[in-house]
**Student:** 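Before we start, here is the structure in question, set down as structure tokens.
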Amino acid sequence: MTIREAGKGIVTNRKRICSYRIGFINSDGREDETELDVCNLAELEEVYQDFCKENGFRQNTVIYVKR
């Protein structure tokens, strides 16, 4: 699923930065995890998109988002 789908209802709009753990399938087909610090879902989408581009990961392999 996408980061927006996985983060819906979990990532909230805040004035302060929160850390979110994102589980995803990496380019080797294995489950992996990263942690990103953002304030809202729009920012998470942007940061995750950059993360995927830098690492050569597909953006639609998100398994979960946890706060």
Side-chain angles (χ1 to χ4, degrees):
M1 78 182 96
T2 65
I3 195 78
R4 177 172 284 283
E5 292 167 330
K8 193 172 185 176
I10 296 167
V11 181
T12 56
N13 291 329
R14 298 190 172 264
K15 295 185 185 229
R16 64 182 180 96
I17 294 174
C18 292
S19 295
Y20 295 95
R21 280 184 282 154
I22 296 101
F24 62 97
I25 303 299
N26 66 24
S27 54
D28 295 329
R30 295 180 178 206
E31 189 173 324
D32 207 340
E33 185 177 81
T34 190
E35 188 169 304
L36 301 173
D37 300 324
V38 297
C39 292
N40 57 49
L41 187 54
E43 187 178 5
L44 180 61
E45 283 183 292
E46 183 179 326
V47 173
Y48 187 70
Q49 181 179 34
D50 291 343
F51 168 78
C52 288
K53 283 182 182 179
E54 289 173 10
N55 293 287
F57 299 147
R58 293 178 49 208
Q59 294 180 40
N60 64 344
T61 63
V62 177
I63 302 167
Y64 62 84
V65 174
K66 295 180 181 177
R67 185 163 178 233

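Here the structure is a predicted model, which means the values were calculated and not measured.
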**Student:** Taking only residues two or more places apart in sequence or in another chain, which ones pass side chain to side chain donor-acceptor pair (under 3.5 Å) with T2?
**Tutor:**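 Per chain and number, T2 pairs via side chain to side chain donor-acceptor pair (under 3.5 Å) with E5.
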**Student:** Quick check: closest heavy atoms across C52 and R58, and the distance to 0.1 Å?
**Tutor:**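 The pair with the smallest heavy-atom distance is SG-O, 3.9 Å.
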**Student:** List the atom of V62, the atom of A6, and the distance in Å for their closest heavy-atom pair.
**Tutor:** CG1-CB, 3.5 Å
**Student:** Do F51 and F24 have their ring centres less than 6.0 Å from each other?
**Tutor:**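 Aromatic pair counts; centres sit under 6.0 Å.
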**Student:** Report yes or no: do Y64 and M1 belong to one cluster of Ile/Leu/Val/Met/Phe/Trp/Tyr joined by side chain heavy-atom distances under 4.5 Å?
**Tutor:** no
**Student:** With rounding to the nearest 0.5 angstrom, report the OG1 to CZ distance, T34 to R21.
**Tutor:** 11.5 Å
**Student:** When rounded to the nearest 0.5 angstrom, what is the spacing between CD in E31 and OG1 in T61?
**Tutor:** 10.5 Å
**Student:** At their closest point, which heavy atom of S27 faces which heavy atom of G56, and how far apart are they?
**Tutor:**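 Taking S27 first and G56 second, the nearest heavy atoms are CB-O, 4.0 Å.
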**Student:** When you compare the side chain of N26 with that of F57, does any pair of heavy atoms fall below 4.5 Å?
**Tutor:**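 SC-SC contact between F57 and N26 confirmed.
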**Student:** How long is the gap from CG on L41 to OH on Y48, to the nearest 0.5 Å?
**Tutor:** 13.0 Å
**Student:** Counting C-beta onward and ignoring hydrogens, is there a side-chain heavy-atom pair between V47 and D50 closer than 4.5 Å?
**Tutor:** no
**Student:** Quick check for you: to the nearest 0.5 Å, what is the distance between E45 atom CD and L36 atom CG?
**Tutor:** 12.5 Å
**Student:** How close do C39 and I17 get, counting heavy atoms only, and between which atoms?
**Tutor:** SG-CG1, 3.6 Å
**Student:** Pick out which of D32, I22, I25 makes a side chain to side chain contact (heavy atoms under 4.5 Å, CB included) with I63.
**Tutor:** I25
**Student:** For A42, is there any backbone N or O sitting under 3.5 Å from a side-chain donor or acceptor partner on N40?
**Tutor:**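 Side chain of N40 to backbone of A42: a pair is present.
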**Student:** Are I3 and Q59 packed together at the side-chain level, in the sense that at least one heavy-atom pair is separated by less than 4.5 angstrom?
**Tutor:** no
